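Shown next, in structure tokens, is the structure this report addresses.
Since the model is a prediction, treat every value here as computed from it, not as a measurement. Only heavy atoms go into these numbers, but all of them, side chains included; no hydrogens, no water, no symmetry mates. First the proteins, then the strands, lettered A, B, ... as listed; each starts at 1.
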Amino acid sequence: MDGVINLLVNGLATGMLVFLLAVGLTLIFGLMSVLNFGHGGLFAWGAYGGVWLYGVTGSFVAALIGAVVIGMALGWMMERWVIRPVYGNHVQQILVTLGVMLVLSEMLKVVWSPNPLKADVPPLLSGSWEIGSVILIKYRLFVIVIGLLVFLAVQLVLKKTKIGLIVRAGVMNKEMVQALGIHIRTIFTLVFMVGAGLAALGGALLAPYSGVIFSEMGMQFAILAFIVVVIGGMGSIQGSMLAAILVGLSGSFLAYYLPELSLAGNMLLMVIVLLIKPSGLFGAKG
Amino acid sequence: GNSGSEAKTETKTETKTETNQTPTATKESEPAKELPPVKIGVLASLTGALESYGKQTVRGFELGIDYATEGTKTVAGRKIEFIVEDTETKPDVAVKKATKLLETDKVDFLVGSSSSGDTLAVLPLAEEYKKVMVVEPAVADSITGAMWNKYIFRTARNSSQDAVAGAAAIAKQGVKIATFAPDGAFGRDGIAAFKEAATKLGATIVEEQYADATATDFTANIQKIVKAKPDYLFVVWAGANTPWKQLQDMKVQEQGIKLSTGAPDIAALKTMQELTGMEGFSVYYHTLPTNDVNKWLVEEHKKRFNGEVPDLFTPGGMSAAISIVEAVKKTNGDTNADPLISAMEGMSFNTPKGTMTFRKEDHQALQSLYAVKLEKQDGVDYPVPVLIRELSPEETAPPIRTKP
Amino acid sequence: MGRNPVQLGGALVLMVLIGLPFVTDSRSFLMMLTQIFIFAVFAMSYDILLGYTGIVSFGHCMFFGVGAYSVGVMMNEKGAAIGSLLLAILIGMVLSALLSYIVGMLSLRLKSHFYAMLTLAFSGLLLVLAEKWRSVTHGNDGFTFQVPELIKDRTVLYFIALVIMVLVYLGLRRFIHTPVGRVLQAVRENEQRTESLGFEIVHYKVLASIVAGITASLSGSLYVLTLRFVNTTVFSMDMTLNALLMTIIGGVGTLIGAIIGASIIEFAHHWLTELAKFHPIFERWIIFFGLLYILVVLLFPAGIVGTLRSKWHKYRKARPQDTDPSGVSTESESQGKKVNVS
Amino acid sequence: MDPILQTEGLTIAFGAYTAVDDVTLAVPRNHFKSIIGPNGAGKTTFFNLLSGQLKVTQGTVKFKGQDVSALPPFARTRLGMGRSFQITNVFPKLTVLENVRLAVQSQAGVRFHMLLHYRSRRFRVFEEGALHLLDMVLLGSRRDTLAMHLAHGEKRKLEIAMLLALQPDLLLLDEPTAGISLEEVPAILEVIRRIKSEGDRTIMLIEHKMEMILDLSDSITVLFNGKLLADGTPEDIMNNEMVQTAYLGGLYDDAVASQGHADVY
Amino acid sequence: MTLLQVKDMQTFIEQYHILQGVTMDVTPGEITVLFGRNGAGKTTTLRSIMGLQPASKGSIHWKGESIERLATYQIARKGIGYVPEDQSMFYDLTVGETMRIAMRRQDDRTMERQEWILNVFPDLRTFWNRKTGLLSGGQKQMMAIARAYVNDNDLLLIDEPSKGLAPIMVEKLMQSIEMMKAKTTVLLVEQNFFMAQTIGDRYYMMDEGKIVHQGSMQELRNNGEIRRKYLGIA
Ligand SMILES: Nc1ncnc2c1ncn2[C@@H]1O[C@H](COP(=O)(O)OP(=O)(O)OP(=O)(O)O)[C@@H](O)[C@H]1O
Ligand SMILES: Nc1ncnc2c1ncn2[C@@H]1O[C@H](COP(=O)(O)OP(=O)(O)OP(=O)(O)O)[C@@H](O)[C@H]1O
Ligand SMILES: [Mg+2]
Ligand SMILES: [Mg+2]
């Protein structure tokens, strides 16, 4: 029983982390329909930036905020210089964002060396509580809390403001949105920046979780983020949340009960979900 | 981290006159005009995930040539030139680069490479072109096993040697061991070999766990390991996405389970603070071997690379270079494969890790490995491998697995 | 006379390629060209999907890998004879056809993004299978194998690859200009409308993916023949991305673009890594590689061939006296296309 | 003779909303039937059910005596049912000629031919047929333009040409003249009339231009809130009070009265 | 005074010279109708005014201020609403969501206007939560009009609003445009001559990218010659 609780808690924490990795992509790919293969790069920059800032400032909060700022700054440059000319064209997007991905992850090596770096958990969040044989790792609980907060914040913004609607409308018919007097360009830039910032936040939060960061981490986790966005249903924040939790839980339960399958776990999950519900968990039909 | 390029630019200027040449070398350079140089192609990952390994090999190789020729870069009257190529850790690139080395540069030896896949892909070329290849630091058993051909020598240790060393460090009669490794050829082979060695020493394997090397969460595996209540947890791991943090989070050590693994390079040790106190094995750490070659290596390395010490695979690169120079010495400058092979089979040579010997049957270099404990040391920002005992080449000799 | 200068150029390049082995003895150069030919075949197969049918697949490596392993395993188990090699290639193609049929039937009804991700999942599963079935594949480490004596000669291999590339190009070009090929383009443009004209779109999509799968399998077989080694990287996402990049850089929906794209990527790769030896800034040559992708898109929005072609046609239109009575504009004008995953 | 098309209790519901509700209808061969009804009455949806774009919730569609309710659109097209779309629906990045040529190819039953060039002598006739049709709908001069570059009205004409190319036995026309300029409507009507007079075609037409309907139709069906409200000769329908108030509105009579017939379209 | 003054507007699409000098004035409080055969350039004219297909030559003045260099969203914010000919639905958004996006302000006046237009097109209220992509052809047309109307615009550019509407809706539309007229000036492209002549004040006739005729609607009504020549009606 305790074993199951452990699996549940940790699966949930992983899920929440995966959600944090994916939430930026939910905005950029799900909502804005930009096939961003560079997402992993943003994410890795968040991780490196966070670790570096934590080392320099000694404040974890500053590190997280700094990572988000780094992510947003990169997002701003990326959107203005390479994404803007290729909105609406997935083929071109694949190429430019792959280019960005290469540049971003190589730049990491230039700035921080090609070696893996250690990432520390701030003292306040390190250690764990033990209840019986259930081990509650503080940092993971922290990640769950942050995940929920980000979820609520993004949901709130999308529900309370027109931004989500405008972006969706802009993807469907940019001209018409402009003809309604909306400066769609600014809004796209903004949303892209927020998506990039969230990606960086995800990276910065992942770093202490696994204890070590490395320049290839970007591509590795980007695919996971894509899986989450797609099985959640494009652009649905709830969908991403649910999908991420599914990924987390299935990961930990498979590894425990069906270890032979765990290598294929995420792919199987995606196959099953998509064959049963072709537009993802929360995706609109058609 | 620009040192790699230094190494490479230097190789390019090799043919020009060297400033630090001794007068004898200058004299010797006269017959060198008649004799063609000995050319060596070094394959290494200079970009990609294994970049730092590749760079260690290259540095070590360069130092090794200098050491073995006493700075003359000349052997048996022939100049030594070496050309470094980046395999990018992609088998097809490795083959392309190897072909280029063999065809265009007409190298006499191949050395490399950082990944087992790249190396395996190049093995048939060595056979095709009848050139000796010294494998360094690729670790897969099959290189000197099922896929081996007679042109292949290996100065690197193989998976089985690692495993035997790992077992020797912890396995005893009655010890219960759990294992944890990435689910893949590397992890599974490593554990299989370890299991064989450990059971031979009387230990029992109570749990084997394999996980996706790229997974975010290893909790489930760790839970199972804890449940099996082993005395030791032996971990075989490669890649940066390591489980150490999670093993600590899950309080594995607090529950009386001792961790054991192979000590990695310094950059990775820095991320292993949690493992202070662990007992395991090491392929190399610069304070472990006590011999003159290593002393020279540490000093020379510090001198050339502003104070850095040699790392995990630096001595390997050096050993490869030394073995080649020694072999050419033995053949008196003949670089044809057959005489070289006969010269190298059974050849012993001094390396930073003591004496290595190319075993006749599979050309694997038998070598010392080290049982170590990770300790915290003042002024060092990572847990330092401290020698418990040196595992002799005979003790770590792996089984012979070449095809009959 | 619209095509003639281009055709002439093509014939010229082909002549040079045929003559090359007789004038250069740089086999590593030949080997690079051989690789280009092979990847060009792979990229052309992808172009059938992406450029002509509008299907984005993130799992195209699965067919490449099937072709690769068929040859590898067969050579390893049954020995290196020409007969068994041909059989292996054939088996690879048949397996790929079967696989693309099954995957297609299962998933081609899905909307594009979801289809793309599903193919990613299937190729991921094959990768896991190759990893796990170690008695045959030796997992990620892979295995080397012997090839028939004849094929050991790199010049022979060069010609084989060249011939196959030319044949595949001609074959696929004919394929897209047959009635079926035209329907594929209709599917790309508007599925619903195609269906209401009386064409069953799933059949056509599956057909396209079978053709693409078989071709990709052929390229995979050739690929491992040059390496005499196979490991799980043939099933990796990187392989799919290779095909994607080459197709897009050259220009989707042009076929010849796939060849140009493959050449550009391979040559750029070659030169950049060479530069890395001379200037320390090029040590991080991958950055320049990334910049290359970005620049290509910004300068050649429809890919190199695509953009040049539409420039050429605009130029031709500006001089109305030599309008083309055959109405070739069908292909040429459709260059600026945006194939969308949505 | 059997009716060419017969629907029995045809119903489709989107969730709680029933867009077409229990419509039973028969259309004899060589008949010209118009369907009218307010916006959102379910006319287009009704067509979608006939042509297979939507799956019926209940009821059956019989075409040439065969129950086709379960057949996908392409199969119904092959049986001889062709439709035009209300919202312009063409192949945007193919030329005008190619758009029509594809339809001609389909009509000729050339579907899986993978060897000969599509412009080879054997298939050349498709192109000729297509050109002929383009001339008919006044688009001959734009054959090499990409469909996406056409003005709206031109796309409507292209749509009609593609339908005609299929030479269907039953033509489903969904507001074919919406957006076609006043001046050219007569020519398009002429095409439709000609098809009708050739005698072997059945036509169903959705339109809001009453004069045109009255001019062409043998009978008129009125849909209202998804239900079949009335079905009868043009005179019957025009005199139907319900139709007058709910569909035509007051101004209509004035318009006809003051302008005379032909003037309005 | 003119509200909108277009002078010698020339527009290229790629290499094609689509508008070859369009000159027209829109007087406030009037309904100006643009006629012309298919492909004459009516839609392009509206799009050029909106900045969606910027003119390469000529001038466009809005209340005396030059706007031909402005971006579309800036032009829209000056108080010009646009009903495109293809309706340009945000097909995945519901009627309600579309209205929400359309509103530039959410003040009482706007809400009032929304109420008013929903009364004209009650279908929109009925299908408030339906995705606009699923609406019927006529309903989409209503949606497009409502979307442009809901803001307090001074000018509406409407491209064939009667297209696809049932006669009774056309009638309602005519009434409502006439009612709008008090607050909003309208530039209308229309093929429905009956509707145009009923509500129009002034007309422009286009052919091959040029204005070929213009005058008051009254004149056109009485001039059989022009009607026959350009509209094909007696
Ligand atoms: N897929 C769908 N889901 C939900 N409602 C739908 C769907 N398709 C159509 N409707 C609704 O069904 C009703 C009938 O639509 P339909 O398009 O058939 O009307 P119509 O008679 O063609 O009208 P119009 O003359 O305006 O074109 C409309 O209210 C529409 O909103
Ligand atoms: N994107 C484009 N590329 C090339 N030509 C175009 C493009 N858009 C429109 N045209 C051409 O411009 C001309 C004018 O088109 P426009 O849409 O303005 O006509 P219109 O008067 O609105 O016609 P309709 O009554 O059919 O809507 C047409 O000949 C059309 O083919
Ligand atoms: Mg309709
Ligand atoms: Mg128009």
List the steps, then state whether ring pair (Phe, Tyr, Trp, His ring centres under 6.0 Å) holds for A/W45 with A/W112. CA-CA 10 Å; A/W45 269 83; A/W112 280 290; 5.4 Å; yes
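Using a 4.5 Å cut-off between heavy atoms, A/V100 contacts chain C through both its backbone and its side chain. Of the two parts of A/L275, only the side chain, counted from C-beta on, holds a non-hydrogen atom closer than 4.5 Å to a non-hydrogen atom of chain C. Residue A/V271 touches chain C through both its backbone and its side chain, counting heavy-atom pairs closer than 4.5 Å. Of the two parts of A/L269, neither the backbone nor the side chain holds a non-hydrogen atom closer than 4.5 Å to a non-hydrogen atom of chain C. For A/M219, the part sitting under 4.5 Å from any heavy atom of chain C is the side chain, from C-beta outward, and nothing else. Only the side chain of C/L298 comes within contact range of chain A, with heavy atoms under 4.5 Å apart. When heavy atoms are compared at a cutoff of 4.5 Å, C/L241 approaches chain A solely by way of its side chain, counted from C-beta outward.
In terms of heavy-atom proximity, C/M237 sits nearest to A/F37 at CE-CE2, 4.1 Å. Closest of all the heavy-atom pairs between C/T232 and C/Y69 is N-OH, 3.2 Å.
In this view, A/F43 and A/F221 satisfy the ring pair (Phe, Tyr, Trp, His ring centres under 6.0 Å) rule, not counting sequence neighbours.
Among the candidates C/I249, C/L127, C/L106, C/I248, the residue making the largest number of heavy-atom pairs closer than 4.5 Å to chain A is C/I248. Counting heavy-atom pairs under 4.5 Å between each of C/L110, C/V297, C/I286 and chain A puts C/I286 at the top. Chain C forms more heavy-atom pairs under 4.5 Å with one residue of A/V103, A/L268, A/V273 than with any other, namely A/V103.
At least one donor-acceptor pair under 3.5 Å links the side chain of C/T194 to the backbone N or O of C/A186. Formation of a donor-acceptor pair under 3.5 Å by the A/T97 side chain with backbone atoms of A/L35 is found in this model.
Between A/Q93 and A/N36, the closest side-chain pair of non-hydrogen atoms is not below 4.5 Å.
One finds a salt bridge joining A/K109 and A/E216 here, because a Lys/Arg side-chain nitrogen approaches an Asp/Glu carboxylate oxygen to under 4.0 Å.
Between C/F289 and C/Y293, the distance separating the two ring centers is shorter than 6.0 angstrom. The six-membered or imidazole ring of C/W271 lies near that of C/F267, with a centre-to-centre distance under 6.0 Å. Two rings, from A/F29 and A/H39, have their centers 6.0 Å or more apart.
Contacts from residues 223-231 of chain A to chain C, taken as heavy-atom pairs separated by less than 4.5 Å, involve A/I223, A/F226, A/I227, A/V230 in sequence order.
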